[in-house]
Amino acid sequence: MTDRALAVVRAGALTTVQDRGRPGHAHLGVPRAGALDGPAAALVNRLVGNPPEAAVLETTLNGCSLRPRSAVTVAVGGAPCPVRVDGRPVAWGAPVRVPAGALLDVGTALRGLRSYVGVSGGITVEPVLGSRSTDLLSGLGPAPLTDGAVLPLGSPTHLPARVDVAPQPAPPTELVLRVTLGPRDDWFTPEAVRAFTSRTYRVSPAGNRIGLRTEGPALDRARPGELPSEGMVLGAVQVPPDGRPVVFLADHPTTGGYPVIAVVRTEDLSAAAQAVPGTPVRFLRVRRR
Amino acid sequence: MSLRALPVGDAALLVEVSSGEEAQALHAELLRRRAEGSLAVREIVPAARTVLLDGLTDPARLATELTAADVPPAPPRARAVVELPVRYDGPDLADVAAHWGVAPHEVARIHAATEFSVAFCGFAPGFGYLTGLPERYDVPRRATPRTAVPAGAVALAGPYTGVYPRSSPGGWQLIGTTEAVLWDHARVPAALLSPGTRVRFVPVGAVGA
């Protein structure tokens with residue numbers, strides 16, 4: 001067959017289609033979604049000659065296997081992992097030609113959590129509100145990949161980049177998240193605010209695309225009662241009644257009723273997306289810019 | 001109107017006012033400014049007592065300016081009323097009637113006689129928090145949330161009425177069912193209800209059937 005499509009042979013633990021998301025609809029309850037490690041998604045697009053808004057695949061922990069129906073150029077980035085074409089090892093972090101009908105296997109992450117697979121022409125599932133991203137909170141966009149699914153591909157617009165290997169940040173062994181306090185830090189005791197910005201937390205295995213959950217010292221409230229629902233931003237650190245901070249990632253709810261003690265700088269969220277459970281986390285208080 | 005602008009990260013402001021009506025007036029004013037081109041912002045998210053502005057280049061300057069500004073009351077809404085046909089047959093109708101101290105059919109009469117407006121959205125695409133019922137009709141959430149509330153369920157919690165756009169877990173008190181499609185991404189606009197939309201529930205069939 002010569003049609004431009006990818007057959008999913010092994011979907012992996014959780015593989016989703018992602019682009020830069022659907023910002024601008026939060027007032028309708030629509031999360032922004034989009035690749036959790038935005039720089040990695042942009043890089044694999046650049047390597048295969050796609051524009052930055054093209055849709056890529058985001059894997060979780062154990063990769064995926066794909067069989068293109070026509071020859072394509074692919075690049076795998078984000079979490080480092082073995083990449084094979086018909087069983088032969090090929091480069092990670094560089095453009096690779098995959099012949100029609102060959103099996104591309106993106107293996108288990110050696111470090112980090114989420115690998116990104118860019119394919120020349122991009123994945124052209126039907127957009128919803130201007131984005132092809134899977135949003136796990138609201139169910140908008142394409143469903144997560146399943147074995148046997150077939151994904152349409154667009155036509156390549158540019159030649160792949162001429163690089164042997166592209167430098168990428170290593171997944172963090174310690175996650176340092178720069179935060180500015182507020183808007184609801186006054187809902188917590190001064191001791192809790194101090195603990196939040198000085199103690200070490202750990203990445204909980206319960207995290208997902210909605211939020212990075214943490215384990216560590218519980219943060220005590222200075223005031224009881226409920227906060228009326230209010231708008232939430234990407235990177236908001238919400239503290240539910242158990243007192244353990246949750247960092248809101250791309251699929252976060254657009255409004256919420258638990259107080260936000262601080263907000264993480266957007267540039268630090270790609271490292272958060274790659275932090276495996278157990279990684280130490282420190283919230284570093286910085287000045288507002 | 002006294003308002004407080006709280007910085008949120010580096011690019012957002014949470015503007016807090018003292019009532020839901022003030023939040024709706026502030027939301028209308030911010031939409032007007034964006035439409036006339038004097039406010040550049042990616043998201044304007046109204047909520048119960050706040051409006052969030054996200055994607056600002058100079059939040060500190062806007063905070064100063066807003067705190068000094070006069071916000072006019074929300075202009076009368078010119079938008080048409082969205083009518084939602086509803087069967088008042090929810091499993092919590094009797095509980096709500098008990099909270100209100102009325103007979104179940106009275107719940108339907110009072111609810112259907114109210115003009116609601118969408119104060120804000122959230123929870124799911126197309127889920128609006130509708131206000132309009134007097135405060136004496138506030139109801140608590142259910143002690144134990146249901147694991148699955150069907151799509152189209154018309155429900156009450158606190159001062160709000162809402163309609164579940166799709167099946168999901170939920171703790172609201174279910175008083176009825178509508179077949180209206182709250183969210184359809186193939187439709188323009190995808191959401192039947194957005195902040196400011198006026199809504200009436202039109203009873204269909206017998207109450208408690």
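Numbered from 1 within each chain, the chains take letters A, B, ... in sequence-line order.
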Next on the checklist: If I measure from the heavy atoms of chain A, does Leu14(B) come under 4.5 Å with its side chain, its backbone, both, or neither?
Outcome noted: side chain

Item to check | Close aromatic pair by centroid cut-off 6.0 Å: Phe127(B) and Trp172(B) | outcome: yes

Checklist entry - Between the side chain of Arg141(B) and the main-chain N/O of Gly171(B), is any donor-acceptor distance below 3.5 Å? => result no

Checklist entry - Hey, is the main chain of Leu113(A) close enough, under 3.5 Å, to the side chain of Gln274(A) for a donor-acceptor pair? => result yes

Checklist outcome for this item: If one checks every heavy atom of Phe120(B) against chain A at 4.5 Å, the contacting part turns out to be side chain

Checklist entry - What part of Ala124(B) lies closer than 4.5 angstrom to a heavy atom of chain A: side chain, backbone, both or neither? => result backbone

Item to check | Heavy-atom proximity to chain A below 4.5 Å, by part of Leu193(B) | outcome: backbone

Checklist entry - Measuring heavy-atom distances to chain B, does Pro253(A) have an atom under 4.5 Å in its side chain, in its backbone, in both, or in neither? => result neither

Item to check | Donor + acceptor pair across side chains of Asp220(A), Thr189(A) (<3.5 Å) | outcome: no

Checklist entry - In this structure, which one of Arg22(A), Arg209(A), Arg32(A) forms a salt bridge (Lys or Arg N to Asp or Glu O under 4.0 Å) with Asp251(A)? => result Arg209(A)

Checklist entry - Which residue out of Gly9(B), Gly126(B), Gly122(B), Ala48(B) racks up the most heavy-atom pairs below 4.5 Å with chain A? => result Gly9(B)

Item to check | Ring centres under 6.0 angstrom apart (Tyr129(B), Phe116(B)) | outcome: no

Item to check | salt bridge (Lys or Arg N to Asp or Glu O under 4.0 Å), paired with Asp10(B), selected from Arg287(A), Arg289(A), Arg178(A) | outcome: Arg289(A)

Item to check | chain B contact via Leu140(A) - side chain, backbone, both or neither, heavy atoms under 4.5 Å | outcome: side chain

Checklist entry - Looking at Gly256(A), Gly24(A), Gly257(A), Pro228(A), which one has more heavy-atom pairs under 4.5 Å with chain B than the rest? => result Gly24(A)

Next on the checklist: Can you tell me how the ring of His25(A) sits relative to the ring of His27(A), calling it parallel under 30°, perpendicular over 60° and tilted otherwise?
Outcome noted: parallel

Checklist entry - Relative to chain A, which segment of Ser194(B) carries a heavy atom at a distance below 4.5 Å: side chain, backbone, both, or neither? => result both

Next on the checklist: Please identify, among Ala23(B), Ala47(B), Ala11(B), Ser168(B), the residue contributing the most non-hydrogen atom pairs under 4.5 Å to chain A.
Outcome noted: Ala47(B)

Next on the checklist: For the interface with chain B, which of Leu28(A), Val263(A), Thr266(A) has the highest count of heavy-atom pairs at distances below 4.5 Å?
Outcome noted: Leu28(A)

